[in-house]
Visitor: 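Got a structure for you, questions after.
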Amino acid sequence: MSMGDPRRWSDGSGGGSRMPGRPGGSSSAGGGNDDWVERVRTASDIVDIVGQTVPLRRVGRNFMGRCPFHEEKSPSFSVNGERQFYHCFGCKAGGDVFKFVMETEKVGFLEAVELLSRRAGIAIPERRAGERGKRAPLLEALDAAATAYEQWLGDPNAGSAARAYLEKRGITRETQREFRIGLSLPGWEHLVTKLRGRYSDEVLLEARLAGRKEGGRNTFDWFRNRLMVPLVAPGGAVVGFGARAMGDEQPKYLNSPESTVYHKSQFLFGLEHARKAVKADGEMIVVEGYFDVIALHQAGIKNVVAASGTALTPDHARALKRMVRGVALTFDGDAAGQQAMLRSLAVLLAEGLDVVVVDLPAGDDPDTLVRRAGADGWCRVRDSAYDAVEFVQRHVLRTTTGGDPRERALQVVVRLLTGVTDTIRHRLLVERASQVFGLSEGVIARAARLATNGEQGGQPVAATVRVERQTAARVDRDFLIGLWHLPALLDSVRSSITLDYMTEGAARDLYEHWLEHGVELPDGDSDVAHLAREIAATDAETLNHEQLVVGGAMALRRRLVEKRMRAIKLLSGQTKDPAELMRLQQENYELAKELARLRV
């Protein structure tokens with residue numbers, strides 16, 4: 001049982017976890033917050049607290065065990081009961097009982113004190129004057145509502161359809177209990193009737209459990225005929241609900257409105273479970289939906305959270321940064337999911353997190369993926385995740401219509417770079433963008449500096465891409481001019497210069513026409529016909545036509561070899577298969593030799 005398990009903080013009466021302000025009776029803390037902290041410290045023996053997580057053995061005056069903060073074979077983790085501190089001789093972790101709970105539970109100082117306060121049965125003082133009248137009753141009412149919803153889901157008659165739905169989705173009874181999934185009944189007054197007498201209408205309204213028509217006096221249930229998923233904050237308090245319609249009601253998914261205790265821009269669903277499964281140098285998976293979290297968790301992938309009905313915010317990113325080094329974004333494979341990932345990248349990168357994007361097939365989401373392919377299916381797509389720059393390139397190439405997709409993707413990367421203040425991370429992203437797009441680091445860095453200063457950061461990128469585009473078009477055009485004047489050379493280059501060597505567009509299409517029909521002027525008014533007439537009208541009598549063909553063919557081969565070498569560099573950074581890496585390295589070696597020959 002982990003430190004954050006609600007059962008650990010029970011008062012022993014069988015009533016489950018207590019809400020803030022309830023343990024031991026009144027919420028008054030007497031001598032103030034400082035006195036409260038010291039009373040909690042005195043009541044929390046560090047040997048007892050650590051011993052619930054780490055098996056300890058007395059060695060002299062201390063207790064020894066294996067360190068929970070790093071892997072080790074021989075115990076080097078020491079707990080001193082007399083002075084109430086711990087120290088690891090291996091990784092040097094150390095501190096008092098509060099620090100231990102903060103590190104193992106992934107919570108802040110106040111949350112750690114509150115956890116221990118509940119365990120000791122010591123009343124928790126309110127953090128601000130007057131908060132007792134706001135937070136504590138709301139949290140108690142929300143917890144009572146969660147219990148009622150759980151009971152209705154378990155009702156043999158009322159909950160049968162909802163249980164069948166959950167079974168169809170593969171959600172086990174154990175998982176349902178772990179996430180406290182419940183059911184709100186059809187009708188308007190089931191919950192308010194059940195809670196009336198224990199909580200005032202004002203509390204139910206403020207907790208967003210009830211509503212009231214404008215100008216009316218009677219309250220009604222806010223959630224009706226929906227599967228109820230409690231939104232549980234770190235420490236175990238229910239702060240709201242996510243609800244899925246059981247019928248045709250709209251919207252299909254409905255979240256609790258913001259309240260005194262629930263702020264969606266700060267809340268991450270599943271964090272209460274996930275924070276116990278991650279290490280500081282590890283990774284958190286961020287998905288879109290509650291059921292994505294639940295499905296992955298049930299499959300054994302527990303380091304997963306979801307935003308609560310909103311895009312990722314800086315507050316979300318800061319909360320993640322306190323716990324992990326990296327994030328794997330795993331949104332739906334549809335267009336909306338892809339756009340959401342693109343927006344989230346900027347927020348996470350700006351906070352200094354390492355980010356990869358797990359790009360799911362269109363129509364798939366994490367829930368359907370693990371139901372179909374299990375944890376192994378997830379691991380396979382995770383292993384093929386893209387870094388931020390690669391994802392931008394793929395996303396823009398797939399979705400852009402009109403204009404130069406490479407230029408548009410670079411502009412997106414430049415905008416991402418403007419929010420990255422860490423110089424090392426900024427430089428690494430610039431290097432990666434240079435590798436992916438084949439543009440110099442200097443151009444990309446200069447564009448980012450200009451954009452950061454509010455100037456036209458896109459101009460250096462646009463100018464460089466335009467020059468490269470013009471250079472590529474000139475190579476294609478000179479090769480075609482040579483063939484126009486010496487059509488007999490077409491057969492000599494037919495097998496060595498395939499369509500893959502030509503730039504997409506009219507030049508490629510014209511070369512394809514000539515390969516099929518011979519060197520001629522196509523009929524019509526198409527872009528291909530226009531280009532052919534321009535080539536035929538070009539004054540090239542003074543040029544060496546054979547050199548245009550032969551030299552052009554070499555330039556085209558160099559361009560394709562360089563493009564493939566860039567692709568190999570990307571693939572080498574992605575693959576985890578030693579055999580595949582060796583094959584790529586061998587291919588790159590052969591291409592490098594060919595490139596050297598072409599440059600002679």
Visitor: Which residue is it: Phe269, Tyr253, Phe267? I am looking for the one with a ring-ring contact (aromatic ring centres under 6.0 Å, His included) to Tyr290.
Guide: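 The passing option is Phe269.
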
Visitor: Find out whether Leu483 and Leu548 are in side-chain contact, i.e. whether some heavy atom of one side chain is under 4.5 Å from a heavy atom of the other.
Guide: no

Visitor: Who pairs with Lys593 by salt bridge (Lys or Arg N to Asp or Glu O under 4.0 Å), at least two apart in sequence or on another chain?
Guide: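 If we apply the salt bridge (Lys or Arg N to Asp or Glu O under 4.0 Å) test to Lys593, skipping adjacent residues, the hits are Glu590.
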
Visitor: Decide yes or no for Leu342 and Val357: does some side-chain heavy atom of the first lie under 4.5 Å from some side-chain heavy atom of the second?
Guide: no

Visitor: Write out all pairs satisfying ring-ring contact (aromatic ring centres under 6.0 Å, His included) with one or both partners inside residues 552-573, taking only residues at least two apart or from two chains.
Guide: none

Visitor: Check Arg372 with Asp364, please: is the shortest side-chain N to carboxylate O separation under 4.0 Å?
Guide: yes

Visitor: First locate atom CD1 of Ile444, then atom CG of Leu429, and finally report the distance between them rounded to the nearest 0.5 Å.
Guide: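 Output value for this atom pair is 10.5 Å.
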
Visitor: Do you know which two heavy atoms are closest between Ala299 and Val370, and how far apart they sit?
Guide: CB-CB, 4.4 Å

Visitor: Can you tell me if Asp523 has over 12 outside heavy atoms packed within less than 6.0 Å of its CG?
Guide: no

Visitor: If you take all heavy atoms of Ala507 and Asp476, which pair is closest and at what distance?
Guide: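 Between these two residues, the closest heavy atoms are CB-CB, 3.9 Å.
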
Visitor: Using a distance-only test with no angle check, is there a side-chain donor-acceptor pair under 3.5 angstrom linking Arg559 and Tyr501?
Guide: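 No, no side-chain donor-acceptor pair sits under 3.5 Å.
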
Visitor: Let me confirm one number: the CG-CG distance from Leu353 to Asp422, rounded to the nearest 0.5 Å.
Guide: 11.0 Å

Visitor: Taking NZ, NE, NH1 and NH2 as the nitrogens, is one of them in Arg558 or Glu562 under 4.0 Å from a carboxylate oxygen of the other?
Guide: no

Visitor: Quick check for you: to the nearest 0.5 Å, what is the distance between Arg415 atom CZ and Leu410 atom CG?
Guide: 11.0 Å

Visitor: Under a 3.5 Å threshold, yes or no: a donor from one side chain and an acceptor from the other, between Thr313 and His316?
Guide: yes

Visitor: Just say parallel, tilted or perpendicular for the rings of Phe100 and Phe69, cut-offs at 30° and 60°.
Guide: perpendicular

Visitor: Using a 3.5 Å distance criterion without hydrogens, assess whether the side chain of Ser434 forms a donor-acceptor pair with backbone atoms of Val430.
Guide: no

Visitor: For Phe291 and Leu166, run side-chain contact (heavy atoms from CB on, under 4.5 Å): C-alpha distance rounded to whole Å, both residues' side-chain angles, the deciding distance at 0.1 Å, then the answer.
Guide: CA-CA 10 Å; Phe291 285 101; Leu166 291 169; 4.2 Å; yes

Visitor: Less than 4.0 Å between a side-chain N and a carboxylate O, is that true for Lys321 and Asp354?
Guide: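 Here Asp354 does not pair with Lys321 in a salt bridge, since their nearest N and O are not under 4.0 Å apart.
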
Visitor: Do Gln547 and His545 have side-chain atoms, one donor and one acceptor, less than 3.5 Å apart?
Guide: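 No, no side-chain donor-acceptor pair sits under 3.5 Å.
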
Visitor: Do we see a donor-acceptor contact under 3.5 Å between the side chains of Gln435 and Arg432?
Guide: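 Distance-only check passes for Gln435 and Arg432.
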
Visitor: Charged N to carboxylate O below 4.0 Å: is that the case for Arg380 and Asp383?
Guide: no

Visitor: Pairing donors with acceptors under 3.5 angstrom, does anything connect the side chains of Thr172 and Gln298?
Guide: yes

Visitor: Do Arg325 side-chain atoms and Gly282 backbone N/O form a donor-acceptor pair below 3.5 Å?
Guide: no

Visitor: Whether Glu283 and Arg382 form a salt bridge (side-chain N of Lys/Arg under 4.0 Å from carboxylate O of Asp/Glu) is what I want to check.
Guide: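 A salt bridge links Arg382 with Glu283.
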
Visitor: First locate atom CZ of Arg557, then atom CZ of Arg597, and finally report the distance between them rounded to the nearest 0.5 Å.
Guide: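 Answer for the CZ-CZ pair, Arg557 versus Arg597, is 10.0 Å.
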
Visitor: Could you name each residue pair satisfying side chain to side chain donor-acceptor pair (under 3.5 Å) that touches residues 479-493, not counting sequence neighbours?
Guide: Asp491-Arg494

Visitor: Any side-chain heavy atom of Asn303 sitting closer than 4.5 Å to one from Ile301?
Guide: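 Contact flag for Asn303/Ile301 side chains = yes.
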
Visitor: With sequence neighbours left out, what residues match Arg406 under salt bridge (Lys or Arg N to Asp or Glu O under 4.0 Å)?
Guide: Glu468

Visitor: Are the side chains of Val358 and Leu329 in touch, meaning some heavy atoms are under 4.5 Å apart?
Guide: no

Visitor: Under a 4.5 Å cut-off applied to non-hydrogen side-chain atoms, are Phe77 and His87 in contact?
Guide: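 SC-SC contact between Phe77 and His87 ruled out.
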
Visitor: Which distance, rounded to the nearest 0.5 Å, do you find between the CZ of Arg474 and the OG1 of Thr503?
Guide: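 Atom-to-atom, Arg474:CZ and Thr503:OG1 are 12.0 Å apart.
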
Visitor: Do Arg66 and Glu71 sit within salt-bridge range, that is, some charged N less than 4.0 Å from a carboxylate O?
Guide: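 No, this pair does not count.
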
Visitor: Side chain of Asn588, backbone of Gln585: donor and acceptor closer than 3.5 Å?
Guide: no

Visitor: Would Phe437 and Val389 count as a side-chain contact (heavy atoms from CB on, under 4.5 Å) if you check the C-alpha gap in whole Å, the side-chain angles of each, and the deciding distance to 0.1 Å?
Guide: CA-CA 9 Å; Phe437 295 104; Val389 175; 3.7 Å; yes

Visitor: Report the residues that fulfil salt bridge (Lys or Arg N to Asp or Glu O under 4.0 Å) with Arg371, sequence neighbours left out, ordered by chain and then residue number.
Guide: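 Counting only residues at least two positions away or on another chain, Arg371 forms a salt bridge (Lys or Arg N to Asp or Glu O under 4.0 Å) with Asp367.
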
Visitor: On a heavy-atom basis, which atom in Val287 and which in Pro366 lie closest, and how many Å separate them?
Guide: CG1-CG, 3.9 Å

Visitor: Looking at every heavy atom in both Pro234 and Arg275, which two are closest together, and how far apart are they?
Guide: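 Nearest pair, atom of Pro234 first, then Arg275: CB-NE, 3.7 Å.
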
Visitor: Between His426 and Thr421, does the side-chain contact (heavy atoms from CB on, under 4.5 Å) criterion hold? Intermediate values first, please.
Guide: CA-CA 7 Å; His426 190 281; Thr421 56; over 6 Å; no

Visitor: Report yes if the side chains of Val305 and Leu320 come closer than 4.5 Å at any heavy-atom pair, otherwise no.
Guide: yes

Visitor: Taking atom CD of Glu546 as the centre, report whether more than 12 heavy atoms of other residues, nucleotides or ligands fall under 6.0 Å from it.
Guide: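 Open.
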
Visitor: Taking all non-hydrogen atoms of both residues, which atom of Ala448 and which atom of Leu417 are closest, and how far apart?
Guide: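 Between these two residues, the closest heavy atoms are CB-CB, 3.9 Å.
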
Visitor: Hey, what do you get for CG (Asp365) to OG1 (Thr368), rounding to the nearest 0.5 Å?
Guide: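 Going from CG on Asp365 over to OG1 on Thr368, the span is 3.5 Å.
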
Visitor: Given side chains that start at C-beta, do those of Val356 and Tyr386 come closer than 4.5 Å, heavy atoms only?
Guide: no

Visitor: Scan for side chain to side chain donor-acceptor pair (under 3.5 Å) pairs involving residues 506-518, sequence neighbours excluded, and state none if there are none.
Guide: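 Every side chain to side chain donor-acceptor pair (under 3.5 Å) pair that includes a residue of residues 506-518, provided the two are not neighbours, is His513-Glu520.
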
Visitor: Quick check: closest heavy atoms across Ser76 and Gly90, and the distance to 0.1 Å?
Guide: OG-N, 3.7 Å

Visitor: Does the pair Val286 and Thr330 meet the rule for a side-chain contact (heavy atoms from CB on, under 4.5 Å), with working shown?
Guide: CA-CA 6 Å; Val286 178; Thr330 316; over 6 Å; no

Visitor: Check whether any side-chain heavy atom of Leu595 lies under 4.5 Å from a side-chain heavy atom of Met565, and answer yes or no.
Guide: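 SC-SC contact between Leu595 and Met565 confirmed.
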
